[in-house]
Amino acid sequence: RCWLFLAHDSQIPNEQDYLTTYMGRDPIIVVRQNDGSAKAFLNACRHRAMRVCKEDFGNSRIFRCQYHGWTYGADGRLIGMPFREQYDDVLDKARWGLIPVPKIDNYRGLIFGTFDEDAPPLTEYLGDIAWYLDASLDRMPNGVEFLGGTVKWRIGANWKFAAEQFASDMYHTYTTHKSPYSILSRDELDHDPLADTVDGQQYSSPWGHGFGWWLGDDDHPSDAALLPPVVLEYFESTRSVATERIGDERRRMESHGTVFPNLSWLYSAMPTIRVWHPKSPNEMEVWANVFVDKDAPQEVKKALRRFTALTFGTSGLYEQDD
């Protein structure tokens, strides 16, 4: 019944681009349509429920079931099957297309879907968490894009552990991450880069969303103290534009948040977005992407991707702490 994150626009930029994901335990295909919209379908043949797509992503005009050969268009329509003459008098193909996700919507390039036809509009569901999302996604006029592929790994824990951590636990930062901060900080720093994390604020939504942050100091940065020089220079060069768009306070937010139930993100020196896919009561699969300003120079994108992998990749320093 919730709105669940499916994909980002930058992951399926062209007509008939697709990406496979999950809504809970249900496999889903997200497909860019010829009119530019996105649709999502249950990744299951209507004949015997075999998956019609086994790839993580790609571009295709059709999806064909490997079991009996039923074939669907990128718009989900059933367009053919072997020995179709045997079915012509008894099968109405218009009724047997892929099962669609009935409600799809987009916020700042994030594509969401819900199986609940009576769910409130996405903007109502997000509520005030959208104001905090904008601090990460609306800093520049053309928004953000995801870089590279999705990194995936499994953790032997219930998915709620991770979602709740990102929604509400800023308190662990000063203690848990003390070691990597010390290792990564520049030698010439004359202050404790974690000092700013002591005084912060927390937002909790009646919908289950949560967001925690402290305000970075431009003269004595915390997370930013760790960044490669090319990234620091980029942030300094775009400071006035970001401040004009989202205000000085949101520009300086060093933050983490969760859109209930299982979409989380960090925005600071390590811009990463996560989906916590439940696999069992005792196991989750983490899907992680790096996001950056779409119009940032390539050297900045490369540096942020590498730095985020170092810190919050599968074997990243902070990832192992958490």
Side-chain angles (χ1 to χ4, degrees), residues 132 135-136 151 153-204 209-236 239 248-258 263-276 284 286-292 300 302-322:
Y132 298 98
S136 301
V151 181
W153 67 95
R154 294 199 177 199
I155 296 176
N158 186 280
W159 66 273
K160 299 183 187 74
F161 278 96
E164 189 274 341
Q165 169 88 349
F166 273 66
S168 63
D169 195 330
M170 184 70 78
Y171 186 40
H172 76 283
T173 302
Y174 193 86
T175 302
T176 304
H177 297 316
K178 191 76 170 179
S179 176
Y181 262 92
S182 300
I183 293 170
L184 293 171
S185 295
R186 296 193 304 273
D187 292 337
E188 66 270 18
L189 280 183
D190 58 359
H191 67 285
D192 179 358
L194 280 173
D196 291 337
T197 71
V198 176
D199 298 314
Q201 292 177 289
Q202 180 70 39
Y203 163 72
S204 295
H209 319 310
F211 187 82
W213 75 97
W214 71 86
L215 297 182
D217 185 329
D218 291 332
D219 295 324
H220 298 91
S222 49
D223 276 4
L226 318 176
L227 285 169
V230 66
V231 178
L232 282 171
E233 292 169 7
Y234 172 73
F235 283 160
E236 291 171 2
R239 181 183 299 175
D248 183 67
E249 181 172 297
R250 280 194 292 175
R251 177 187 64 79
R252 294 191 292 125
M253 281 179 172
E254 308 276 1
S255 57
H256 62 68
T258 294
L263 171 68
S264 299
W265 81 101
L266 287 173
Y267 190 83
S268 54
M270 296 76 73
T272 179
I273 199 161
R274 304 293 180 83
V275 184
W276 320 103
M284 74 178 100
V286 186
W287 289 21
N289 289 91
V290 178
F291 67 93
V292 297
V300 172
K302 181 178 179 180
L304 270 174
R305 180 183 60 79
R306 295 186 65 178
F307 189 74
T308 304
L310 170 68
T311 51
F312 278 101
T314 310
S315 57
L317 298 175
Y318 295 94
E319 193 65 41
Q320 297 309 301
D321 285 347
D322 289 333

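When the side chain to side chain donor-acceptor pair (under 3.5 Å) test is applied to R239, no partner is found at least two apart in sequence or on another chain. Remark: R305 pairs with no residue by the salt bridge (charged side-chain N to carboxylate O under 4.0 Å, His left out) rule, at least two apart or across chains. In terms of the salt bridge (charged side-chain N to carboxylate O under 4.0 Å, His left out) criterion, R306 has no residue partners (sequence neighbours excluded). Here Y203 pairs with nothing under the side chain to side chain donor-acceptor pair (under 3.5 Å) rule; sequence neighbours left out. Among residues two or more places apart in sequence or in another chain, the salt bridge (charged side-chain N to carboxylate O under 4.0 Å, His left out) test is passed with K160 by none. Partners of N158 according to the side chain to side chain donor-acceptor pair (under 3.5 Å) rule, which considers only residues two or more places apart in sequence or in another chain, do not exist here. K302 meets the side chain to side chain donor-acceptor pair (under 3.5 Å) test with no other residue; sequence neighbours excluded. By the salt bridge (charged side-chain N to carboxylate O under 4.0 Å, His left out) test, R250 is found to be paired with no residue, residues two or more places apart in sequence or in another chain being considered. Here W213 pairs with Y132, F211 under the ring-ring contact (aromatic ring centres under 6.0 Å, His included) rule; sequence neighbours left out. Among residues two or more places apart in sequence or in another chain, the ring-ring contact (aromatic ring centres under 6.0 Å, His included) test is passed with W159 by none.
Separation of atoms OG1 (T176) and CG (D169) is listed at 7.5 Å; rounding is to 0.5 Å. Distance CD/E254 to OG1/T173: 10.5 Å, rounded to 0.5 Å. Put simply, CD1 on I273 and CZ on F312 are 14.0 Å apart, with the number rounded to the nearest 0.5 Å. In this structure, CG on D248 lies 8.5 Å from CG on L215, to the nearest 0.5 angstrom. The distance from the OG1 atom of T258 to the CH2 atom of W265 is 7.0 Å, given to the nearest 0.5 Å. Once rounded to the nearest 0.5 Å, the distance linking CG of L227 with CZ of F235 reads 6.0 Å.
A163 and S264 make their closest contact through CA-OG, 4.2 Å (heavy atoms, listed as atom of the first residue, atom of the second, distance). Closest heavy-atom contact between S136 and Y267: OG-CB, 3.0 Å. The minimum heavy-atom distance linking H172 with Q165 is given by the pair CE1-NE2, 3.2 Å.
Between Q202 and S168, the closest side-chain pair of non-hydrogen atoms falls below 4.5 Å. Between V300 and V292, every side-chain heavy-atom pair lies at or beyond the 4.5 Å cut-off.
Q320 contributes a side-chain N or O that, together with a main-chain N or O of T314, makes up a donor-acceptor pair within less than 3.5 Å. T272 places a side-chain N or O within donor-acceptor distance of the main-chain N or O of N289, the cut-off being under 3.5 Å.
Residues in residues 311-322 take part in these salt bridge (Lys or Arg N to Asp or Glu O under 4.0 Å) pairs, two or more places apart or across chains: R274-E319. A salt bridge (Lys or Arg N to Asp or Glu O under 4.0 Å) check over residues 263-273, counting only residues at least two apart or in different chains, returns nothing.
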Please assess L317 against T311 for the test side chain to side chain contact (heavy atoms under 4.5 Å, CB included), listing each intermediate value before the final yes or no. CA-CA 5 Å; L317 298 175; T311 51; 5.5 Å; no
